[in-house]
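Some notes on the structure that comes next.
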Amino acid sequence: MKQAPKHPVRLERQGTIALIVIENPPVNALGVAVRRGIAAALNAAVAHDKTDAIVIAANGRTFPAGADIREFDMAAQEPSLGQLFDLIENAPKPVVAAIHGTALGGGLELAMAAHYRIASSDARMGLPEIHLGLLPGAGGTQRLPRLIGAELAFDMMMSGNQLSAGICAEIGLIDSVTSGDLRSEAVAYARTLTEVRPTALNRTHLMDGGDYMATVAARRAQVKADLGAGALAPLKIVDCVEAALLLPMDAGLQLERAAFEDCLASRESAGLRHAFFAERRAAKFPEAADAKPAKVERIAIVGGGTMGSGIAIAGLQSGFAVTLVEQGESGVNAALEQIGAFYERSIAKGRLSEAQGAAALTHLQLTNKLDTLGEADLIIEAIGEDFDLKASILAEIGAVAKPDAVIATNTSYLDLSALAAATGRPANTIGLHFFAPAQVNKLVEVGVHDAASAQAVMTGVGFAKAMGKTPVRARVHKGFGSGYIGNAILEAYRLAADIMLEDGATPAQIDGAMRSFGFPLGPYQIADMSGLDIAYARRQSKPRDPDVRYVEIADKMVEQGWLGQKTRRGYYIYAEGQRTGVPNGDVLKMISEHRAHKGITARKFSDRDIRDRILLAIVNAGARLLGEGVAARPSDIDTVMVHGFGYPRSRGGPMMDADATTPSIIASRLSVLAPEEPSLWAAAPVLTMLAQERQKFADLN
Ligand code: 3HC
């Protein structure tokens, strides 16, 4: 953990204006030292008889981006944000917040406690607490509706979205926008102020109680309908906004504080906060800690199928110049069609304007000539999973790429070291495994191998981040399962599910049990969506491990031509144009014949059995990956499962869930199942070690 600077707040003077400057990198979070510093500086500024007004500003990349989330699990230290903001609001001299960067959460609440707000034109403001299972707990729920009304306040707090300075000025959240030097403009603005504006008493938007309460009632109904009783933070936000009208300010603030504490104590918030830090930790690569990413402006993608086109779209959308290389004219046309279809859909749905779509496409170069790759800073090979083909294309890429270009393969399970060697420049070659649809899915597994240079690895990480993705470090392994983290865990997940399918459960029962746990789709719905032939080809390409139980059901389906949604027949049957199906009776019949053929008597699994077995399989596979060095930390596995496979984010991830159960209980449950299928259930050494030492996965993060 980074140490906060000892004196993160300074008091300066510019004539009669006192300037309170916060400097607590990286994001000026409002930790205890900052709160104390602001309080002391404010008191000193107020006490100085030459002070006419006070400006609060921040150095570095942003006005405070919120409370210090790391302090939420520690004992509270005074002054609290609430106490500090009371002090600001009740200051007898005008206080101006000078906002740049992203004023988020407690940072925006600080600004709202000030009497006036001025912002740089490129500043953004938001209350993202909801993404952490929280609500604005330092006056935001009381001050925001007073400033902008209930409807807009709900929009901001329920979505967590950031608004531009321009919009904030339009809706009355800030007083002034400047494209000049913020600090001097703020001081000049402060000089014009002659009075303290009584923010707490601003009841303009509360005057029409009728409309206000109608808005509150409509939101409450909407939250209940959309999210149900489990959505603690949204329901509490509604209560607090209601209180802003019904209660005096102090009582409203007290109610908000209690609501915040309730949310903070919830499992949901613990899970979401874990996910927040896990994502950021995942982008730190121990083997490349000090390396700086190289500059990437032009990327090239070799292979314009669904994956390659998706990566191209993601690149264009993030402002990269993109060269896409496909074979022959028909390949080029097919890629162009896919990319064009994305832009047409986005324009039709209003997500992009026609001008934005057209502008993005001007940065796309589609070609069938590999020698165009010489200009690219980063080249991604995204052709099918055939080792020989990939190796020969990578060799061609290696021959034409510029000397310092980074080459990446999108393989999900082939031997990365061998593919890197094929380029002739293994130090510059890494894995970048995107998840479909690549223009949407945020997960990118960054494959490392012994010969890769730290700079090439961090260039991949930096590129993924620049595309708004969540990079996670992974090694390809060839032991249990296959691929990096995601596919190896998926393989264990599927085997646990397939064993239950073969032994008596139905696809719909297993899918339903996993959906009720919180996954958006069950494993057989995912299989139908992805196409059964893809996994089939992968199974066929690998030698079968005699020590792993093999369930032939999916193979038999492929042999019947039941490939899932693409043939409208898989585990489910799909009506024309539909993505939700009804159970396929022919598959159920086939499974029952298959059981008879193998001499298996069907047995019953409860939904709980199904969930327990699958979650145990996921955790045990995760523990194996840690032991084999495929995953660097348990929280990386959580990030992969949340982003790649829809593991409920509010649970943090499977390894966090395993800690809640405790590794020793997990190990003893596994020991009961192990005789049934040791390949899946024999406890991984890391798990056994944690159980013996009474430690948790979190201790390995
Ligand atoms: N508290 C503590 N650390 C924080 C933090 C916070 N509020 N926000 C960011 N950080 C840390 C990150 O963990 C990261 O640390 P690391 O370098 O050690 O990994 C570092 O700051 C930089 O963060 P990012 O990598 O995310 O940097 P970006 O530039 O990509 O994004 C950001 C910056 C938009 C500010 C993003 O960090 C963010 O969204 N932060 C969270 C904002 C938030 O949720 N604020 C509300 C907090 S809750 C609150 O205020 C409660 C109040 O109502 C009482």
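Read the numbers this way: they start at 1 and go in the same order the structure lists the ligands and their atoms. The figures here come from the full heavy-atom set of this structure, side chains too, leaving out hydrogens, waters and symmetry mates. Numbering starts at 1 and runs along the sequence shown.
The distance criterion of under 3.5 Å between nitrogen or oxygen atoms is met by E129 with respect to ligand 1. For a threshold of 3.5 Å applied to N or O pairs, the pair formed by G106 and ligand 1 contains at least one separation below that value.
Between K284, M157, R61, R273, it is R61 that holds the heavy atom closest to atom 28 (P) of ligand 1. Nearest to atom 43 (C) of ligand 1 by heavy-atom distance, out of G107, G66, G105, A65, is A65.
For P128, every heavy-atom contact with ligand 1 shorter than 4.0 Å involves the side chain, none the backbone. Both the backbone and the side chain of A67 come within 4.0 Å of ligand 1, judged by heavy-atom distances. Counting heavy atoms closer than 4.0 Å to ligand 1, residue K465 contributes nothing at all. Proximity of I69 to ligand 1, defined as any heavy-atom pair under 4.0 Å, is shared by backbone and side chain alike. Under 4.0 angstrom from ligand 1, the non-hydrogen atoms of E109 all belong to its side chain.
Heavy atoms of R281 stay at 4.0 angstrom or farther from ligand 1. The closest approach between any non-hydrogen atom of G140 and ligand 1 is not below 4.0 Å. Residue H131 places no heavy atom under 4.0 Å from ligand 1.
Looking only at atom types and distance, the side chain of D657 has a donor-acceptor partner in the side chain of Y647 under 3.5 Å away. Residues R124 and N161 have side chains that never bring a donor and an acceptor to within less than 3.5 angstrom of each other.
For H274 and F276, the gap between ring centers reaches or exceeds 6.0 Å.
Within the 3.5 Å criterion, the main-chain N or O of L443 finds no donor-acceptor partner in the side chain of T470. Of the possible donor and acceptor atoms, none in the side chain of R651 sits under 3.5 Å from a partner among the backbone N and O of E268.
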I would like to know whether R70 and D68 meet salt bridge (charged side-chain N to carboxylate O under 4.0 Å, His left out); could you show each step before the answer?
CA-CA 5 Å; R70 294 167 307 180; D68 189 331; 2.9 Å; yes
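For the pair E256 and A138, the tightest heavy-atom approach, listed with the atom from each and the gap, is OE1-N, 3.3 Å.
Atoms of ligand 1 lying under 4.0 Å from at least one heavy atom of F277, given by number and element, are 13 (O). Taking every non-hydrogen atom of L132 and a distance limit under 4.0 Å, the qualifying atoms of ligand 1 come out as 44 (O). Residue P136 has at least one heavy-atom neighbour below 4.0 Å for each of these atoms of ligand 1: 53 (O).
In this structure, R197 places its CZ atom where more than 12 heavy-atom neighbours from other residues, nucleotides or ligands lie under 6.0 Å away.
Under a 4.0 Å N-O distance rule, the pair D239/R219 does not qualify as a salt bridge.
Exactly one residue among K442, E279, K469 makes a side chain to side chain donor-acceptor pair (under 3.5 Å) with H643. That residue is E279.
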